[in-house]
Amino acid sequence: MRTGIVVFPGTWSDRDCAHALLEVLGQPARYVDYRETRLDDLDLVILPGGFSYGDYLRCGAIARFTPVVQAVTAFANRGGLVLGICNGFQILQEARLLPGALLKNASCEFRCEWVNLRVEQNDTAFTLDCRPGQVLRIPISHGEGNFFADRATLDSLEREGRIVFRYCTPDGRITAGANPNGSLANVAGISNARGNVLGMMPHPERACEPLLGGEDGLMMFRSAIRALSHPLPNPPHEGEGVTAGVA
Amino acid sequence: MYRAEVFVRLKPVVNDPAGLTIRAGLHALGFESVTEVRAGKYLVLTLNEPDEATARRQVEEMARQLLANEVIEDFRIEMHPVQDPIAVGGGA
Amino acid sequence: MYRAEVFVRLKPVVNDPAGLTIRAGLHALGFESVTEVRAGKYLVLTLNEPDEATARRQVEEMARQLLANEVIEDFRIEMHPVQDPIAVGGGA
Amino acid sequence: MAVAVRREQLQAIALNEDEYGAIVRTLGREPNDLELGMFGALWSEHCSYKTSKSLLRQLPTEGPNVLQGPGENAGAVDIGDGLAVVFKIESHNHPSAIEPYQGAATGVGGILRDVFAMGARPVAILDALRFGPLDSGRNRHLFNGVVAGIGGYGNCFGCPTVGGEVYFDPAYSDNPIVNAMCVGLVSSERLRRAKADRAGDIVLLVGADTGRDGIHGATFASVEMDDQSASRRPAVQVGNPFLEKLLCEACLRLNELDGVTAIQDLGAAGLTGAASELAHRGRRGIDLAVDQVSRREEGMTPYEVMLSESQERMLVVVRPNAEAAAREVFDRFELHADRVGAITGSGRMRVRERGTVVADLPLKTLVDGVPFRSPLAVSPDKQPSPALPAIEEPEDVLLDLLARPNLRSRRPIYRTYDHQVGDNTVIGPGYDAALLRLPGTKKGLALTTDGNPWYVALDPYEGTRAAVAEAARNIVCTGARPLAVTNCLNFGNPERPLVYGQLQESVRGLADACRAFGLPVVSGNVSLYNETSERNIPPTPVIGMVGLLDDLSQRCPAGFQADGDLVFLLGETRDELAGSEYLRLLGTKPEGRPPMVSLEMEARLQAALLDSIGQGVLRCAHDVSDGGLLVALAESALFGGRGLRCPSIIGPVGREAFYFGESQGRAIVSVAPRSVPDLQKLMARHHIPIHAMGVVGGDQFQIGPDIRIPLDALREAWETPF
Ligand SMILES: Nc1ncnc2c1ncn2[C@@H]1O[C@H](COP(=O)(O)OP(=O)(O)O)[C@@H](O)[C@H]1O
Ligand SMILES: [Mg+2]
């Protein structure tokens, strides 16, 4: 799996993602500068966490207009795998590759801690190796991860089975107490209709080594590797991103 | 019932990283005519208070104590009489 | 030269953690009369553009493209002709 | 111009008339206003250390592994594998008292720049904080703002905040202590010094435009705060962590280039401080063209530009033939760089505005010429220990102690800090020392800050020794060997004999302890005049310490690990209660002798701990500090989520002192039953008293007949929110 890790001004989990892929998984990976426009050497593009452009105005609002995001949009529409982590998730939403928005945490505080995620869909490129209902332990680190979408959007996400992760208790119950940021329906991660684009607030790249507290994050990267050997089915219908893009 | 609009902005001499970054973003989008951007806060309050003068005095107090940080920010207030709250479905 | 004030606020259906926190803070300070607070953004732009209509059209474009996110926010714009920038002569 | 005419000017820049006299003598003329302002900044306490330098000479600063001692932007120590660890701690007390969020944020920004100016990538931040009690709205505002500001800057920049400490005491009301420590890594041969030693080099100013920020911030940090300070706005600045991140990445790239002579951050005293120190370290001179500096505002005078303390700016000195390569790096990060001057052989700092010289000063005088001050000192007298009230219900006392702001869990604070970014955090905040992986090795770096303010208040000498001892003990409890020390000395107004006496005693204690442990002091910071309307803060030295663990697989946790393990107390408990949280809980007057540190005993305990951890004998180790023995036992139970059963434990001293006294040189450990003989042998060999406590397991915390508390109740008390 050839991975490109996008570096925007202000990105910081680029190095953590590179560490997970190169050192832990032994997979080839390269950094992709935000001014780049060619991604055809890549199987997977990661938009990592951080504070692109300082998260000034709105998280991801300015990064969304960089050349690389146009390229990522085209790459996604060609069926390439795209993983947006934390700030990357926010950027995918600003770019309309994924629906909804991420508001300030309900606590209005930044939160860095381990959380439990229930795998709601294991037919995305990033969850193939998970059992449905499986609970993953992965850290969050954000101040604005409070998922919001209007009723209609949320309903269609539920209907189309595009809610991939929900915050849950260690034994997999979806409760208010397990929700670290006030997200609607405890949503922690969603995918596009085709399942090749995933956005999530938690940081799988921080959960790839027992030494650092856990390795559940590896499942997602291993799933992607497997997905590439069994290409995903074509979109059932026009999913987001196919027409949406950069103004 | 009154609606108070409170406009909070950084004092002119204070560095405004957000404004600078937004201006750079606008330039990147081709809006060259923008010479300056200042980023501030826009707070809309609903007060259950019959008398406008009292309401305004209260909001000024709130701004001084909490809404604005007078060490680095200025604020401006506008009052309007209103009937109903803003948020639908108990948003706020 | 024109000064554009852009007021960005969350749509009524969107809940507003910041607003709720501020309201709680105001109640804690004894301002019981506040029934609701909505937190938004107040952006002040200086445009080097002679014609008001053009300037306004540009700012509307900026707001639609960058300054506001229509998924969750509405915006309002006010234009004023001006002589000087805000940060005295500075690039802001 | 007569001195009298300048009295006001001198007051504004906090120089006295003797100092002015010295300036006139060495210059052989009156300085002009700009020159006087420059002297004011560089001769301020903050920049010149004129009051503390003579004392600091006592500190041991050398060691076989020391690559860089005090005097640079940060200290550096060789940690093998071709790596150097670079670290320093700094205060931002005054700005934080005025605007807590920005004050703390820019404090973090400043210490980060010190570290990446050395060519090192910042890998950790620690924050040592002191506030007044949170039942006052003002103190809560300061507390919330400071914590949010530290997180706001560190989180956005992308450096993990892995440790620190927070204490509350009425004596810190209105004058909070905000110290930030930063730790970085660099390959030893890339370690960089901010020394411009080649005439003809070009000086570039990179980063933020210059505004009218913090003019005389340096002097501001050196004069006591009056009630007007709150309106002295220039001292408050808005930091830009996003720009700092770009600056950092650019500087790290520059550090790989040939032809880059020096990198220096602009901090206190702004361009004047940075430029003069750069050139003087290299025993050269510097010419600056003040009109070449990009400004944020129009109409700024040379005075304002030279003394502005706008954040996120660096000076980069390059050979002429390297300027293009340097500019490529800046462009890559969309950073703006002005060519503002050149290094000369003149030994002077010459400032020109459009060709005309507006300041011309000998660097030696400007940087090194300040006459030292040695104020009167009276050493604080030692009071007898207070009479002890009879102990209350031990169970209630323990629960009350665990819920005390000074002892309860710090999680509500550190979970607002990203403590993981970088993928190296093995042990994060919440235990004793934090432990980071050294990338590409199996080694670990242990980090802590410590400084119990009450011990120092009772006896600055003993208290400061205790701070060093506790820091080392925290490091050792993880299995790491203490390597080196940084320190931040937060004191009141040194012109008051009692305060200067405290400083004298504290530095003596710091020197003695570091010598005894063989720990070099490689960096530090002094913050004086922490006085608000006549009230001085208690003497507050903060010790930052770095340790090295050769093999992370040998690391030792602080929490109980397995049911059935046996728990022991190591070290000697004396009849010491003065300065304890227990007495503060009971509301007794703060008096008496604080716990005494036997450095020799402490060293033996630490050797014993390292031995037993190295031999894999220990399942956990946790140092006994604030709150005493029962609090330490309860913490290990809560860390590990396991109960503890102790038969009645009777000590060599009264029950109060044994349960709640804070005697130094102690730790609790747990071992598997089969390892008990090994532990006993090891402790015998090191002559360390060992005292059986009990057995790990169950869901109760039980101490003989006195205490029987469900773990949940214990946790509920400990996790009382702030
Ligand atoms: N302000 C802070 N920021 C980050 N971590 C903190 C802070 N205050 C305390 N901690 C962490 O909480 C834990 C307990 O703090 P403390 O009681 O001071 O430890 P100790 O008594 O072992 O020195 C330590 O791991 C410390 O690093
Ligand atoms: Mg400890």
Side-chain angles (χ1 to χ4, degrees), chain A residues 7-24 31 33-35 48-57 59 62-63 66 86-87 105 107-115 138-144 180 202-214 217, chain D residues 121-123 144 147-162 239-250 252 312 331-335 411-430 435-437 439-440 442 444 552-553 555 721:
Chain A
V7 185
F8 298 97
T11 297
W12 44 237
S13 43
D14 48 334
R15 307 176 81 245
D16 298 358
C17 291
H19 169 75
L21 282 153
L22 295 165
E23 267 122 274
V24 183
Y31 292 118
D33 183 89
Y34 62 103
R35 286 156 289 207
F51 284 60
S52 59
Y53 294 91
D55 278 356
Y56 294 128
L57 188 62
C59 306
I62 299 177
T66 55
C86 199
N87 197 228
N105 293 352
S107 62
C108 282
E109 274 185 0
F110 193 93
R111 279 277 180 286
C112 177
E113 58 198 358
W114 288 83
V115 298
I138 296 181
I140 55 167
S141 184
H142 61 252
E144 307 195 15
H203 287 267
E205 78 281 7
R206 295 186 181 189
C208 295
E209 294 167 281
L211 184 65
L212 302 184
Chain D
R121 175 175 293 279
V123 296
N144 292 338
V147 168
I150 285 164
Y153 206 100
N155 296 348
C156 178
F157 177 88
C159 182
T161 301
V162 300
N240 185 352
F242 165 61
L243 179 54
E244 178 112 331
K245 163 75 170 168
L246 299 178
L247 265 181
C248 175
E249 296 300 333
L252 296 183
E312 290 93 22
D331 294 343
R332 164 163 191 182
F333 293 97
E334 296 183 36
L335 288 167
R411 184 160 164 273
I413 297 167
Y414 61 70
R415 75 175 175 181
T416 68
Y417 302 156
D418 187 332
H419 47 268
Q420 299 175 320
V421 59
D423 260 1
N424 291 314
T425 305
V426 177
I427 298 179
L435 197 58
L436 294 192
R437 159 176 62 193
K442 54 189 190 33
L552 274 172
S553 66
R555 69 188 180 277

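Chain identifiers are assigned alphabetically (A, B, ...) following the order of the sequence lines, protein sequences preceding nucleic acid strands; residue numbering begins at 1 within each chain. All values below were derived from every heavy atom in this structure, side-chain atoms included, with hydrogens, water molecules and symmetry-related copies excluded.
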Student: For chain A, which candidate among D:Arg437, D:Lys245, D:Glu249 shows the most heavy-atom pairs at distances under 4.5 Å?
Tutor: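 Result: the option with the highest number of such pairs is D:Arg437.
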Student: With rounding to the nearest 0.5 Å, note down the distance linking CD in A:Glu209 to CG in D:Asp423.
Tutor: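 Here the interatomic distance stands at 6.5 Å.
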Student: Is A:Arg15 close to chain D through its backbone or its side chain, or both, or neither, when contacts mean heavy atoms under 4.5 Å?
Tutor: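 Only the side chain of A:Arg15 comes within 4.5 Å of chain D.
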Student: Side chains of D:Arg555 and A:Leu211, heavy atoms from C-beta outward: is any pair under 4.5 Å?
Tutor: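 A side-chain contact under 4.5 Å exists here.
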Student: Relative to chain A, which of D:Asn424, D:Ile427, D:Val426 shows the most heavy atom pairs under 4.5 Å?
Tutor: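 So the answer, after comparing D:Asn424, D:Ile427, D:Val426, is D:Val426.
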Student: Which bit of A:Tyr53 comes within less than 4.5 Å of chain D, counting heavy atoms only: side chain, backbone, both or neither?
Tutor: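 Both parts, backbone and side chain.
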Student: Return the minimal non-hydrogen interatomic distance between A:Cys112 and D:Gln420, and the atom names on each side.
Tutor: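 In this case the closest contact between A:Cys112 and D:Gln420 is SG-OE1, 3.7 Å.
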Student: With a 4.5 angstrom heavy-atom cut-off, is it the side chain or the backbone of D:Leu552 that approaches chain A, or both, or neither?
Tutor: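 For D:Leu552, side-chain heavy atoms alone lie under 4.5 Å from chain A.
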Student: Among the options A:Gly49, A:Ser52, A:Ser141, pick out the one with the most heavy-atom pairs lying under 4.5 Å from chain D.
Tutor: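 Answer, by heavy-atom pair count under 4.5 Å with chain D: A:Ser141.
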Student: When you compare the side chain of A:Arg206 with that of D:Val421, does any pair of heavy atoms fall below 4.5 Å?
Tutor: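 The answer is yes, as the side chains (C-beta and beyond) meet within the 4.5 Å cut-off.
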Student: Go through D:Ser553, D:Gly440, D:Gly422, D:Ala148 and name the one with the most non-hydrogen pairs under 4.5 angstrom from chain A.
Tutor: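 It is D:Gly422.
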Student: Considering non-hydrogen atoms only, spot the tightest contact between A:Arg35 and D:Arg332 and give its length.
Tutor: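 Minimum heavy-atom contact is NH2-O, 2.9 Å.
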Student: Of all heavy-atom pairs between A:Phe51 and D:Asn155, which one has the smallest distance, and what is that distance?
Tutor: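 A:Phe51 and D:Asn155 have their closest heavy atoms at CE1-O, 3.4 Å.
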Student: Specify the closest pair of heavy atoms between A:Gly54 and D:Cys156, including all atoms of both residues, with the distance to one decimal.
Tutor: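 Closest pair (atom of A:Gly54, atom of D:Cys156, distance): CA-SG, 4.2 Å.
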Student: By a 4.5 Å heavy-atom criterion (distance strictly below it), what part of A:Glu23 contacts chain D: side chain, backbone, both, or neither?
Tutor: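 For A:Glu23, there is no contact with chain D at all, as no heavy atom is under 4.5 Å.
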Student: Does any heavy atom of chain D fall under 4.5 Å from the side chain of A:Ser107, the backbone, both, or neither of them?
Tutor: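 The answer is neither part of A:Ser107.
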Student: At a 4.5 Å cut-off on heavy atoms, which part of D:Glu244 comes close to chain A: side chain, backbone, both, or neither?
Tutor: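 For D:Glu244, no heavy atom lies under 4.5 Å from chain A.
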Student: To the nearest 0.5 angstrom, please state how far the CG atom of D:Asp418 sits from the CZ atom of A:Arg111.
Tutor: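 Here the rounded value is 13.5 Å.
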Student: Show the nearest heavy-atom pair for residues A:Gly10 and D:Leu246, with the distance to one decimal.
Tutor: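 Closest approach of A:Gly10 to D:Leu246, heavy atoms only: N-CD2, 4.2 Å.
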